[in-house]
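Here is the structure we will look at, set down as structure tokens.
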Number of protein chains: 2
Amino acid sequence: MPSIKDVAELAGVGVGTVSRVINNHPAVKSVTREKVNAAIKELNYIPNEVARNFKMQKSTMVALLLPSIWHPFFSELAFYIEDQLDREGYKLMLCNSGGRPDKELYYLDMLNQNKVAGIIGITYNDIEDSVRTDIPIISLDRHFGKKITCVTSDNYTGGRIALQELVKAGATKVAYLGVTSSAYSEVVLRKSGFIDEAKIQGIEFSTYEEHDEVYEDDSFFENFFNLPHHQNVNGIFANTDLLAAKYIDKAKLNGLRTPEDVKVIGYDGIQVNKLFRPILSTIRQPVEEMARMSVKLLLRKIEGEMLEQEIYRIPVMYRRGETT
Amino acid sequence: MPSIKDVAELAGVGVGTVSRVINNHPAVKSVTREKVNAAIKELNYIPNEVARNFKMQKSTMVALLLPSIWHPFFSELAFYIEDQLDREGYKLMLCNSGGRPDKELYYLDMLNQNKVAGIIGITYNDIEDSVRTDIPIISLDRHFGKKITCVTSDNYTGGRIALQELVKAGATKVAYLGVTSSAYSEVVLRKSGFIDEAKIQGIEFSTYEEHDEVYEDDSFFENFFNLPHHQNVNGIFANTDLLAAKYIDKAKLNGLRTPEDVKVIGYDGIQVNKLFRPILSTIRQPVEEMARMSVKLLLRKIEGEMLEQEIYRIPVMYRRGETT
DNA sequence: CACCGTATTGGAAACGTTTCAACGTTTTTT
DNA sequence: AAAAAACGTTGAAACGTTTCCAATACGGTG
């Protein structure tokens with residue numbers, strides 16, 4: 001594998017000159033530039049990016065730390081994040097924490113050692129304190145404090161819209177269905193917005209929540225349907241699309257048809273729910289915009305800029321499907 | 001940021017000794033080890049992984065190069081690949097090529113420059129020739145030649161099983177529905193298996209295919225339903241689950257109910273199709289096993305081992321849903 | 001022709017680590 | 001008690017780049 005030194009030798013110039021040619025530094029006579037380029041071509045020389053990163057004491061690697069790329073919302077997010085990073089000349093490292101706090105910390109340590117340029121994180125932990133160095137971080141949907149800028153959708157308004165739309169669709173008794181993973185999650189605002197609007201409209205409502213871990217098994221829904229005050233609920237706002245889809249399924253087993261007997265609205269707006277039948281009505285997070293904004297903000301932080309806001313809230317949109 | 005030198009100084013030992021302590025080299029007296037560890041703790045020293053990679057001329061970064069993490073099958077795959085890599089002490093870099101040959105080559109160049117330890121690729125291009133260095137590569141579902149080991153599901157048998165199951169479900173005239181992205185794709189074997197078995201069983205069949213790019217718009221299905229020889233088709237084998245789901249949708253618009261009027265089987269076995277209604281019957285690729293095997297094989301290649309096979313085919317399974 | 005200023009160029013130092021030959025110290029063997 | 005062997009340790013070299021300072025070349029000016 002030829003190095004810059006070999007190129008310099010063959011071209012009959014110094015290594016500094018070769019470096020300048022590679023980096024398009026203007027102070028090189030064009031005749032010299034030609035010679036060097038010829039030598040590069042002849043030797044099939046490829047600059048060693050690792051050596052460069054080492055020397056420069058910085059890299060162009062950004063880590064995306066999330067619970068699981070498996071989840072459709074995260075994979076859509078990751079797609080746009082990677083795309084934007086690539087446009088900006090950065091690379092993406094993917095870290096699945098499984099939502100486990102210990103694994104998040106383990107990854108954070110590793111990213112430290114590897115001197116990544118920045119981190120975009122969707123974490124359980126308050127990483128504000130646990131990250132020991134000054135790697136720039138953007139947090140999605142989790143608000144910890146000043147140091148870590150948060151990008152999120154406008155959850156509160158989303159919750160309000162959800163209620164409004166359920167009412168418009170004819171619901172008279174509604175419930176909020178939630179799984180929450182982190183104490184710091186902005187997701188609780190979906191509930192607040194929903195509740196506040198329910199009070200304003202004078203609609204009867206209830207809430208039913210569990211932690212992430214539990215909702216894989218069926219007891220979550222069994223309990224829901226067994227509780228007496230959930231009788232006659234005819235409007236459901238689930239805080240993710242996947243949860244909404246599961247609800248619809250379980251409701252059917254309990255003899256409730258959607259949307260005839262119960263209206264359902266989800267949250268996220270993942271692409272695959274266009275394939276669900278009935279098509280899910282949802283509060284759509286603008287995932288592409290959130291992804292691109294996260295990257296842009298992170299890069300500004302990497303450049304050393306101070307950001308003007310601590311939280312960036314991106315507007316949401318109601319997307320009607322067939323469940324309302 | 002303290003370096004190994006600072007640690008050595010504080011501990012009153014040579015840098016080589018510190019290095020051996022960090023790397024758990026046995027030839028260090030325990031009293032020395034203590035001193036060094038104390039110094040490490042005091043200085044809050046973190047080994048610089050970038051410098052280490054540079055010196056060692058190798059990294060523990062593996063790249064996953066695929067069309068789009070957006071696709072549920074790929075995101076499931078990525079999840080397990082990341083998990084297995086992490087277990088083995090490696091990291092994952094994610095590259096979405098968008099299925100565009102030029103972008104694949106661009107990424108390949110970049111990975112070269114960045115001296116990744118290995119690549120797991122799902123590509124359009126025959127990367128056997130275009131990759132200029134000897135970075136180990138595992139290719140998923142694409143078979144190019146000896147240099148690049150291929151991991152794939154048993155597509156041929158999958159195609160045969162699909163036909164058998166359609167017949168069992170009562171289909172009498174069947175069609176293969178396909179989108180193919182790469183000339184090198186092993187996916188064509190799904191068709192071959194399907195056809196061969198149809199001939200064996202003496203079932204009337206036809207095939208209908210397009211390239212990846214086209215199937216997003218509706219003309220794909222319009223044409224399908226308009227062709228006279230597709231009249232009375234009552235069994236469909238689509239070569240991906242997503243395609244099957246879209247077919248079912250369009251069929252409904254054409255007055256065909258699934259499974260009453262037409263039986264449908266997909267391929268992949270992505271998790272979300274449990275949420276489709278009706279639940280899709282499918283030929284399930286063992287995605288976790290494929291992911292873990294790809295990683296293990298890649299690591300063996302990285303260690304310099306020669307692999308015994310050029311293609312590793314992993315058995316598939318029929319998973320019955322509600323569309324047959 | 002001497003001088004100056006500017007445009008190019010060369011090459012050494014530095015980044016933080018591993019490794020290895022050489023050296024120093026302790027233990028074992030004779 | 002000396003020699004040999006085993007064990008620990010040191011510090012310099014090397015990995016491939018960038019950057020900076022000094023050196024050189026070249027053109028123009030007085």
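Lettering of chains follows the sequences in order, A, B, ..., and the numbering in each one begins at 1. Please read all numbers here as calculations on a predicted model, not as lab measurements. Just the heavy atoms: all of them, side chains too, but no hydrogens, waters or symmetry mates, feed the values below.
A 4.0 Å heavy-atom criterion places the boundary nucleotides of DNA chain C facing chain A at C:dT8 to C:dG16, written 5' to 3'.
Looking only at distances, a side-chain donor or acceptor of B:Asn48 sits under 3.5 Å from a matching main-chain atom of B:Val50. The backbone N or O of B:Thr123 lies less than 3.5 Å from a partner atom in the side chain of B:Arg142, making a donor-acceptor pair.
A heavy-atom distance below 4.0 Å to DNA chain D is reached by these residues of residues 18-30 of chain A, ordered by number: A:Ser19, A:Arg20, A:Asn23.
Looking only at side-chain heavy atoms (C-beta outward), A:Val36 and A:Val13 come within less than 4.5 Å of each other.
Applying the salt bridge (charged side-chain N to carboxylate O under 4.0 Å, His left out) test to every pair with at least one member in residues 40-54 of chain B, sequence neighbours left out, gives these pairs: B:Glu49-B:Arg52. Pairs of residues two or more places apart, or lying in two chains, never qualify as salt bridge (charged side-chain N to carboxylate O under 4.0 Å, His left out) while including a residue from residues 31-40 of chain A. Here salt bridge (charged side-chain N to carboxylate O under 4.0 Å, His left out) pairs that include residues 55-80 of chain B, with residues two or more places apart or in two chains, number zero.
Across all strands, A:Val50 comes closer than 4.0 Å to no nucleic acid atom at all (heavy-atom distances). Using a 4.0 Å heavy-atom criterion, one finds that B:Thr17 contacts the bases of the nucleic acid, with or without backbone contacts as well.
By the 30° and 60° cut-offs, the orientation of the rings of A:His71 relative to A:Phe73 is perpendicular.
Contacts of A:Arg100 classified as salt bridge (Lys or Arg N to Asp or Glu O under 4.0 Å), with partners at least two apart in sequence or in another chain: A:Asp102.
Each of A:Arg52 and B:Gly12 was assigned the nucleotide of DNA chain D with the nearest heavy atom; the assignment lying further toward the 5' end belongs to B:Gly12.
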